[in-house]
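Read through the structure below, which is laid out as structure tokens, and then see the notes.
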Amino acid sequence: MSTATFEKPAAVQTIAIGADHGGVDLKDTLVAALRQQGHTVLDLGTHGHDSVDFPDYAKLVASRVLDGEAQAGILCCTSGVGMCMAANRH
């Protein structure tokens, strides 16, 4: 894991982030980096490596962005394709 430091961004945002079991390690790394930059991060899971249904997490993130609770959303999954398709349904 990288120990790089990050500069504070010009505009702090609230960012919703979610992952399936294949993307949880990347998600955890991104959550730490974004918080270090000063962003508010809504970590919507998953929080472990047990198999989960990726559309559930895509829906959680997409809903937070559409409701205006978050200005941006990040989805991490095993391939990137499934989460993208699931989020674009909302």
Side-chain angles (χ1 to χ4, degrees):
M1 187 174 337
S2 174
T3 58
T5 58
F6 300 92
E7 293 181 28
K8 187 169 179 155
V12 174
Q13 295 185 352
T14 299
I15 301 169
I17 188 166
D20 71 357
H21 54 281
V24 70
D25 293 331
L26 174 59
K27 175 192 65 76
D28 291 343
T29 300
L30 289 171
V31 166
L34 290 166
R35 286 182 174 152
Q36 183 180 2
Q37 289 182 343
H39 295 289
T40 299
V41 179
L42 306 175
D43 185 349
L44 303 175
T46 192
H47 301 287
H49 293 98
D50 293 338
S51 184
V52 297
D53 293 327
F54 66 83
D56 297 339
Y57 297 94
K59 182 177 181 178
L60 288 171
V61 172
S63 295
R64 292 302 192 333
V65 173
L66 289 171
D67 292 345
E69 190 175 338
Q71 287 77 47
I74 299 173
L75 297 166
C76 305
C77 74
T78 305
S79 70
V81 177
M83 283 280 207
C84 178
M85 292 188 326
N88 281 315
R89 291 185 189 133
H90 299 281

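Small disclaimer: the values here were computed from a predicted structure and weren't measured. Note that these values count all heavy atoms, side chains included, but never hydrogens, waters or copies made by symmetry.
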So which pairs with a foot in residues 71-90 pass salt bridge (charged side-chain N to carboxylate O under 4.0 Å, His left out), sequence neighbours left out? none
Considering only Ile, Leu, Val, Met, Phe, Trp and Tyr, and joining two whenever side-chain heavy atoms are under 4.5 Å apart, list the other residues clustered with V24. none
Taking H21 for its side chain and V52 for its backbone only, find out whether a donor-acceptor pair lies under 3.5 Å. yes
I'd like to check the side-chain hydrogen bond (donor to acceptor under 3.5 Å, both in side chains) partners of Q13; sequence neighbours left out, ordered by chain and number. none
Show the atom names and distances, to 0.1 Å, of all donor-acceptor pairs under 3.5 Å that link a side chain in residues 71-87 to residues at least two apart or in another chain.
residue : atom : partner : partner atom : Å
Q71     : OE1  : T14     : N            : 2.7
S79     : OG   : V81     : N            : 3.2

What heavy-atom pair brings A62 and H90 nearest, and what distance separates the two atoms? CB-CB, 3.9 Å
Among pairs that include at least one residue of residues 63-82, which meet salt bridge (charged side-chain N to carboxylate O under 4.0 Å, His left out), considering only residues two or more places apart or in two chains? R64-E69
Output, in order, the C-alpha distance, side-chain angles, deciding distance and verdict of side-chain contact (heavy atoms from CB on, under 4.5 Å) for L30 and I17. CA-CA 9 Å; L30 289 171; I17 188 166; 3.9 Å; yes
In a table with atom names and distances, give each donor-acceptor pair under 3.5 Å that connects a side chain of residues 41-49 to protein atoms at least two apart or in another chain.
residue : atom : partner : partner atom : Å
D43     : OD1  : K27     : NZ           : 2.9
D43     : OD1  : G45     : N            : 3.1
D43     : OD2  : K27     : NZ           : 3.0
H49     : NE2  : D25     : OD1          : 3.0
H49     : NE2  : D25     : OD2          : 3.3

I15 and L26: same hydrophobic cluster, using ILVMFWY side-chain contacts below 4.5 Å? yes
Within the distance-only criterion (no hydrogens, no angle test), does the side chain of D53 pair as donor or acceptor with the backbone N or O of D56 below 3.5 angstrom? no
